[in-house]
Every structure is written in C-alpha cells, then in structure tokens.
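Side chains are part of it too, since the values below use all heavy atoms of this structure and drop only hydrogens, waters and symmetry mates.
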Amino acid sequence: MKKSLMFALFAAAMPLMAQDCPQKPECAPQHPCCFGKMHRPHGPRPELTEEQKAEMKAKFEARRAEMLAKFDADKDGKLSEDERKAAREARKAEMKAKFMEKFDTDKDGQLSDAEKEAAKAEFRKHGPRHHGKCCGPHGPRPQLTEEQKAEMKAKFEARRAEMLAKFDADKDGKLSCEEHKAAREARKAEMKARFMEKFDTDKDGQISDAEKEAIKAECGKRGHRHHGPRHGKCCGPECQK
C-alpha cells in the first residue's frame, strides 16, 4: 500500500485517538485539548474557490522558490536542517530589523522606555494575538491562577526531562537538530503503531479495504470534533458557530 494513502488514513483517524473532551458538547475554546486554537469571531473559515486555491498554491510555490534561491547552499532542491536553521535566523534578523526601524525613533540601536511604551501601545491597538489567546464568542482565555501556572510548569519540566532522558545522546542538557529529528521520528512511529493497533484488525501490517471502510465509519460516527475547534472549525455537535 502506498505510504501517502497510509498517511492520509492515519491523519483522518488521529482525532479518534484522543480522549473525550471533559467539557463536551459545549464549545470550550479554553480547554487544553483545543490545541490553543480558538473560534474565529465570524464563524468557521469559508471554503475557498478553485481560483483562490490556485492563487494560494502559486504564492506558496513562489515563496518556496525564493527560499531555495536564498538558502539552498548545496543546490540539491531542498533545505537541509542546517539550511533551515539559516533561514530561520535570517527571518528573525529581518523581523528584528523591521521592528527596530518602526519603533527605534531616535535610531540609537536600542529601545528607550518611551519607545517600549509606544510599541506596547501599538500592539494593544490590534487586540490579542490569535495564538490561543483571543478572540472567540466566549471571550479571551481566562487568566490562570498561580497554582495552575505552577502545575503547567511542572508538567512542562517533567516532559522536558523525559525528552532529554530519551533523546539527548551527547548528554549536553539540550536537544540538537539531529536529536530533535530523532524525537519527531520516534513520536511518528509511536502514533503509527497506535493507529495500526486500533485499525489493523487482522494484524497483517496493512490496512485492507474493509479496514479502510471501518475507519471511515468510525470517523463518520463522531461528526464534529469533540475536542474543541481546529483551524477555525467548530467543536462539538451542538455548536452552531
């Protein structure tokens, strides 16, 4: 079976592997299982026309060509980890330069207290950012208590320690690009194994036509996601947003 088909089925069934949202069927954009995604204030994202899709694809291809022209040092038609890192660093430098150009009004290379306040005021004018903090019909994400913050920090530190124990091969206390890649590959393998364990009922290592139909039927039974909105789409079956 082609890998692309396996991946498509695997991606389609991913929502089924998560536990039920404790706040279903209500829309709960602040719940952790929403993955930080909030409701769009004007409802679900509208479907794109074929013309709009073609335009987006053209922009993507143009951006990709630009990135390859700038950062594909060995000219092999793709970006290696080192080349991606160089691209990220260049992007950071570009954004910093634009920021300083806008807010460093006296051009002394640093932000004074007055310039910092002007920057904060400018950001406040645009409202909260759309990365899990805004903007939906239920208002902004509620402020966490100190106890909740401490609990989240403890979970983060535990997860970090687990990752270092598993993948920090050179024991330098951080994950290099190669070690991050190994961690991602291990995570993919783990998720694939869980998927096959659930849906490969005859245990032959492949998804048969009957098993594909079973996957589709299971996905269809769920309807809307019960784990909060994803990429602008609604959460539970009773959400009419």
- Message: Any heavy-atom pair between the side chains of Glu162 and Lys166 that's under 4.5 Å?
- Response: yes

- Task: Report the C-alpha separation of Glu89 and Lys92 in whole Å, then their side-chain angles, then the decisive distance to 0.1 Å, and conclude whether the side chain to side chain contact (heavy atoms under 4.5 Å, CB included) test is met.
- Result: CA-CA 5 Å; Glu89 293 300 323; Lys92 287 179 184 177; 4.0 Å; yes

- Task: To the nearest 0.5 Å, tell me how far Ile207 CD1 sits from Phe195 CZ.
- Result: 4.5 Å

- Lys98/Glu94 salt bridge by N-O under 4.0 Å criterion: yes

- Item | Nonpolar side-chain network containing Met95, other nodes, edges under 4.5 Å | none

- Task: Would you indicate whether the side-chain heavy atoms of Glu211 and Asp202 approach each other to under 4.5 Å?
- Result: yes

- 4.5 Å side-chain heavy-atom contact, Arg63 and Lys59: no

- Message: Quick one, Glu197 and Lys203 - any side-chain contact, counting heavy atoms below 4.5 Å?
- Response: yes

- Item | Note, Arg184 side chain near Arg187 side chain (heavy atom, < 4.5 Å) | no

- Report, as yes or no, whether the 6.0 Å neighbourhood of atom NZ on Lys75 holds more than 12 heavy atoms from other residues, nucleotides or ligands. yes

- Message: Go through it in stages, so that I can follow the logic: the residues are Leu48 and Glu55, the test is side chain to side chain contact (heavy atoms under 4.5 Å, CB included), and I'd like the CA-CA distance, side-chain angles, deciding distance and then a yes or no.
- Response: CA-CA 10 Å; Leu48 297 178; Glu55 183 181 355; over 6 Å; no

- For the pair Asp209 (side chain) and Glu213 (backbone), establish whether a donor and an acceptor sit closer than 3.5 Å, ignoring hydrogens and angles. no

- Message: Lys149 vs Glu146, test: salt bridge (Lys or Arg N to Asp or Glu O under 4.0 Å). Steps then yes/no.
- Response: CA-CA 5 Å; Lys149 290 179 182 178; Glu146 291 303 318; 3.8 Å; yes

- Message: Just verifying a value: how many Å separate Arg84 CZ and Asp72 CG, rounded to the nearest 0.5 Å?
- Response: 10.5 Å

- Message: Quick check: do His180 and Glu81 have side-chain heavy atoms less than 4.5 Å from each other?
- Response: no

- Query: CG of Asp172 to NZ of Lys174: how many Å apart, nearest 0.5 Å?
  - Reply: 5.5 Å

- Under the 4.5 Å side-chain heavy-atom rule for ILVMFWY, direct or indirect, which residues accompany Phe71? Met67, Leu68, Leu79

- Exceeds 12 heavy-atom contacts within 6.0 angstrom, atom CD of Glu157: yes

